[in-house]
Chemist: 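The structure under discussion is supplied below as structure tokens; questions concerning it will follow.
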Amino acid sequence: MCWKRFCDLHQGLPVVVVTAFASIETAVEAMRRGAFDYLPKPCTPDQVRQLLERIERTNGWKIEW
């Protein structure tokens, strides 16, 4: 899977795996490989906004909306 390699190569970036084929196994693997979070589809705009706000707080970043 593409996200596996991305997580390995960009360990400093908060990677969020968004998938329509969610499973506990893939969620656990994503988090184990360093993903910041795992978001199953369908997701609401509010869920995405909350996730981005958490990324901002965790990393001390300011995301431009």
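These numbers come from the heavy atoms of this one structure, side chains and all, not from hydrogens, waters or symmetry mates.
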Chemist: What verdict does the salt bridge (charged side-chain N to carboxylate O under 4.0 Å, His left out) test give for Arg33 and Glu29, after you've listed the backbone C-alpha separation in whole Å, the side-chain angles of each residue and the deciding distance to 0.1 Å?
Modeler: CA-CA 6 Å; Arg33 286 186 173 266; Glu29 184 175 355; 3.4 Å; yes

Chemist: With respect to Leu39, which candidate in Val17, Val48, Thr19 satisfies the side chain to side chain contact (heavy atoms under 4.5 Å, CB included) definition?
Modeler: Val48

Chemist: Search all heavy atoms of Asp37 against all heavy atoms of Met31 and return the closest pair with its distance.
Modeler: CA-SD, 3.9 Å

Chemist: When you compare the side chain of Val18 with that of Lys41, does any pair of heavy atoms fall below 4.5 Å?
Modeler: yes

Chemist: Out of curiosity, Gln47 CD to Leu52 CG, how far, rounded to the nearest 0.5 Å?
Modeler: 12.0 Å

Chemist: Tyr38 and Ala30: which non-hydrogen atoms are nearest, and at how many Å?
Modeler: CD1-CB, 4.0 Å

Chemist: How long is the span from the CG atom in Leu51 to the CG atom in Asp46, to the nearest 0.5 Å?
Modeler: 11.5 Å

Chemist: Search all heavy atoms of Phe21 against all heavy atoms of Thr26 and return the closest pair with its distance.
Modeler: O-OG1, 4.2 Å

Chemist: Let me confirm one number: the CZ-OG1 distance from Phe36 to Thr58, rounded to the nearest 0.5 Å.
Modeler: 3.5 Å

